[in-house]
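Inspection log for the structure reproduced underneath, given as structure tokens.
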Amino acid sequence: MAATKRAWKLQEFVAHGSNVNCLALGYKSGRVMVTGGEDKKVNMWAVGKPNCIMSLSGHTSPVECVRFGNAEELVVAGSQSGSLKIWDLEAAKIVRTLTGHKSNIRSLDFHPYGEFVASGSMDTNIKLWDVRRKGCIFTYKGHTDAVNCIRFSPDGRWIASAGEDSSLKMWDLTAGKMIQEFKDHTGPVTGVEFHPNEFLLASGSADRTVKFWDLETFQLVSSTGAAESGAIRCIFFHPDGKCLFGGSQDALRVFAWEPGRCLDAFSMGWGKVADISVASSQLIGASFSQTNVSVYIVDLNTVTCSPSQIKRAQMSGPGMVSQPAPSEPVKPPMSASGRRMFITERPPTSSTKKASEMKTEPEEESSASNEPEDDSSNVAQIENQDDYREVFQGRTKIERTPPRKLEPFPAPPEDSPPEDQSKAKPYKQPAKEQKAKQEQPMKPATIVPADRNKPADLNMAEFLPKRPDSAVSADPRRPPAVKEQSEDEVLTSLHKGHESMCAVLGNRHRNLEIVRALWTSGDIKTSVDSAVGMKDLSVMVDLLNVLILKHSLWTLDLCTVLLPQIQELLASKYESYCHTACNALKIVLRSFSSIIKTNVQAPPMGGGVDISREERYKKCKVCHGHLMSIRGLVEKKQSMSGKLGSTFRELQIMLNGLDD
């Protein structure tokens, strides 16, 4: 019998008529997926099938975040404008429209008992919503940047939030306040997950590490080494709690926490993975790039998973667990590792319900409850009736027979060729959308996407051996004869241009070594000046990516030097260069816009000599001039689609604040 693959690509398909902005997998079955797009639609899919089951419309701005309910009977979608819509999938209708956030929705989660939804936004706030009463119960404030991920604890008492400001915070729902803040990460925190049973929390970050936290002592349990594959994009505990999966760029890692270490690693082709789930002894990972969505499978039976918790569990076999004496007080349940466990059974009277009654009064921004819903715009268009009935209908009915066990996806043979990505099934648009799109003029692509499957502006045929002129046939009706080349001739042809490429990369490496040497000597300003003088945008991008992770190093002096470089990167055709420039510009505006604005509007008066103030004024005036020039460029680019367009629109709002 032929060996099968440990990991493979299941499918790739076109999910929306324009760029995909977000996706989420269903964690209960692992067989459903929801996507949100620039086309303002929310589309439902069955994993493994290329056809859209149902398309939900009603949002008036691009959809930025989506999330399934715990039983996969509801789905919530957050938009660029800050509004939320909750849909009942079985009834195929809108349940609630909630507004109150002032900016993009970045993260969503359902309460374990289902009556509440939490949302995190780029406006730095977290809101708790009562789905039944159609209102905001409470707003949690404390982050200083976008809230990237939020999760309810398994018992529904806490919310954990991960921020772009590199912080991880714990909030008590009943008390309505923050109870702990973790600041050990050195980069934006991208994901947070509670252990399904134990008082343990995991967080993943752009600093390439995963950290584990004890929720009784609020102390760091362990931290993994920095992953070579880059930022941790998403994390997910095994349903049994025996290990943690971490997804990053084209890689999957399996982590243990006592001690913190990597148990296994997979090289994946999924690019920037967006979500992972586990079902039927398989891990399902999903990613998106432009209009396409890709799904990958990992066979967990081939994964090394042997953390110390399992060994302890094996040691504490039957008869070895001591029971408390009748006279002793009842202790909270403990796991095999000795850590306290969550009590996930719903209490007779929910404390969260009491909290909702207590916390409605202080909230002043819950104007959504007074706004009428326009149900005519909220349409659920069922594209595939058979799949819809099979996947979403009948979920609440009482079955007399046990539920059908989901079979794992069959693994392809080890020697099977990879799936051709060009065969992605096209997205079928409704007739109205097709007609409207046909009427729009075609615009050539001006941005080279960061996620691409082939080199940009490169003709691969130029690297193939050329046919000699002598091989041209005299008879034009006959196909040209190709002269057989020797191995040496083939190798010589393939090596043409190799030396020049090595020279380019070698020069870049030397430039980076020079910048690094100046940096490590403690002279950051000189190292930045040196990088600017090299006139190499690739070096500048590398340097800015380091500075973006170290906000405390930014000064007005650096801004005067870096803003012209940021402007040049913003004008680049490469998406990755633009993203780096946008992130750097955000830091400048958040840290110095008020100083620049104040100094430019109130220049130093004559009559006295205040050298430091005059120098500050000159620097602020230089920065203001660069920012005004950048604003014109950003204004032209804010009409772009996708994440980049959204970022440019956000920057435009921030730049307009300089004139207020």
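One is the number of the first residue; the rest follow in order along the sequence.
- Proximity of Ile514 to Met534: side-chain heavy atoms (C-beta onward) are separated by under 4.5 Å at one or more points.
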Subject >> side-chain hydrogen bond (donor to acceptor under 3.5 Å, both in side chains) evaluation trace for Ser121 with Ser103 >> reply: CA-CA 6 Å; Ser121 169; Ser103 189; 4.9 Å; no
**OP:** Please test Asn19 against Gln290 for side-chain hydrogen bond (donor to acceptor under 3.5 Å, both in side chains), starting from the C-alpha separation and ending with a verdict.
**Re:** CA-CA 5 Å; Asn19 285 353; Gln290 299 180 37; over 6 Å; no
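- The two residues Gln567 and Leu633 have their closest heavy-atom pair at O-CD2, 3.6 Å.
- Taken to the nearest 0.5 Å, the CG atom of Asn583 stands 7.5 Å off from the OG1 atom of Thr647.
- The two residues Asn43 and Leu56 make their nearest non-hydrogen contact at OD1-N, 4.4 Å.
- Note on residues 530-547: pairs passing salt bridge (Lys or Arg N to Asp or Glu O under 4.0 Å), not counting sequence neighbours, are Arg508-Asp542.
- A salt bridge is absent between Asp39 and Lys41: the closest approach of a Lys/Arg side-chain nitrogen to an acidic carboxylate oxygen does not fall below 4.0 angstrom.
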Subject >> Lys85/Thr97 under side-chain hydrogen bond (donor to acceptor under 3.5 Å, both in side chains): CA gap, chis, key distance, verdict >> reply: CA-CA 5 Å; Lys85 288 185 182 290; Thr97 297; 3.1 Å; yes
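- Nearest heavy atoms, Cys582 versus Phe648: SG-CE2, 3.9 Å.
- For the residue pair Thr224/Thr209, the side-chain donor-acceptor check at 3.5 Å is not satisfied.
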Original post:
Given the rule in the salt bridge (Lys or Arg N to Asp or Glu O under 4.0 Å) test, do Asp172 and Lys177 qualify, once you have shown the distances and angles that lead to the verdict?
Top reply: CA-CA 6 Å; Asp172 187 292; Lys177 64 179 182 180; over 6 Å; no
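- Using modelled atom types, one finds no donor on one side chain facing an acceptor on the other under 3.5 Å when comparing Ser203 with Lys211.
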**OP:** Quick one: do Ile179 and Met170 satisfy side chain to side chain contact (heavy atoms under 4.5 Å, CB included)? Show the steps, please.
**Re:** CA-CA 6 Å; Ile179 56 173; Met170 289 283 294; 3.8 Å; yes
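- Under a 3.5 Å cut-off, the side chain of Asp250 and the backbone N or O of Gly271 do form a donor-acceptor pair.
- Across Ala286 and Val273, no two heavy atoms sit closer than the pair O-CG2, 3.6 Å.
- Taking NZ of Lys272 as the start and SG of Cys234 as the end, the distance is 13.0 Å to the nearest 0.5 Å.
- Residue Leu562 holds its CG atom at 9.0 Å from CG of Asp529, rounded to the nearest 0.5 Å.
- At least one donor-acceptor pair under 3.5 Å links the side chain of Asp130 to the backbone N or O of Arg132.
- We find the NE2-OG1 distance between His101 and Thr139 to be 7.0 Å, quoted to the nearest 0.5 Å.
- Taking 4.5 Å as the limit, some side-chain heavy atom of Pro188 sits within range of a side-chain heavy atom of Leu549.
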Subject >> side chain to side chain contact (heavy atoms under 4.5 Å, CB included) evaluation trace for Trp171 with Ser161 >> reply: CA-CA 8 Å; Trp171 309 85; Ser161 60; 2.9 Å; yes
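- Taken from OG1 in Thr124 to CE in Met122, the straight-line distance is 10.5 Å, to the nearest 0.5 Å.
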**OP:** Quick one: do Trp554 and Leu547 satisfy side chain to side chain contact (heavy atoms under 4.5 Å, CB included)? Show the steps, please.
**Re:** CA-CA 8 Å; Trp554 289 78; Leu547 286 168; 3.8 Å; yes
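- Aromatic ring orientation, His185 versus Trp213: perpendicular (interplanar angle above 60°, classes split at 30° and 60°).
- In the model, Gln80 has a side-chain atom that pairs as donor or acceptor with a side-chain atom of Glu64 under 3.5 Å.
- Between the side chain of Ser591 and the main chain of Val588, no donor-acceptor pair closer than 3.5 Å is present.
- Within the structure, salt bridge (Lys or Arg N to Asp or Glu O under 4.0 Å) pairs that include any residue of residues 582-595 comprise Asp145-Arg590, Lys586-Glu650, Arg590-Glu650 (at least two apart or interchain).
- The pair Asp557-Lys525 does not meet the salt-bridge criterion, since no charged nitrogen lies less than 4.0 angstrom from a carboxylate oxygen.
- Here the side chain of Arg96 pairs a donor or acceptor atom with the backbone of Val131 at under 3.5 angstrom.
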Subject >> side-chain hydrogen bond (donor to acceptor under 3.5 Å, both in side chains) evaluation trace for Thr190 with Asn148 >> reply: CA-CA 6 Å; Thr190 54; Asn148 290 329; over 6 Å; no
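- Considering only heavy atoms from C-beta on, Val634 comes within 4.5 Å of Leu655 through its side chain.
- In terms of heavy-atom proximity, Leu537 sits nearest to Tyr577 at CB-CE2, 3.9 Å.
- Scanning all heavy atoms of the two residues, the minimum distance from Ala77 to Val63 falls at CB-CG1, 4.1 Å.
- Counting heavy atoms of neighbouring residues, nucleotides and ligands inside a 6.0 Å radius, atom NE2 of His551 exceeds 12 of them.
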Original post:
Does the pair Phe68 and Phe110 meet the rule for a side chain to side chain contact (heavy atoms under 4.5 Å, CB included), with working shown?
Top reply: CA-CA 8 Å; Phe68 276 108; Phe110 277 91; over 6 Å; no
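- One finds the OG atom of Ser593 at 10.5 Å from the NE2 atom of His624 (value rounded to the nearest 0.5 Å).
- For the side chain to side chain donor-acceptor pair (under 3.5 Å) test, residues two or more places apart in sequence or in another chain that qualify with Ser248 are Ser229.
- Contact annotation: the side chain of Leu84 approaches that of Trp129 to within less than 4.5 Å [non-hydrogen atoms, C-beta and beyond].
- Taking 4.5 Å as the limit, every side-chain heavy atom of Val66 sits out of range of all side-chain heavy atoms of Leu108.
- A cation-pi arrangement, defined by a distance under 6.0 Å to the six-membered ring centre and an angle within 45 degrees of its axis, is absent between Arg157 and Phe152.
- Using a cut-off of 4.0 Å between Lys/Arg side-chain N and Asp/Glu carboxylate O, Arg151 and Glu193 are scored as salt-bridged.
- Contact check for Arg67 versus Val75: no side-chain heavy atoms found under the 4.5 Å cut-off.
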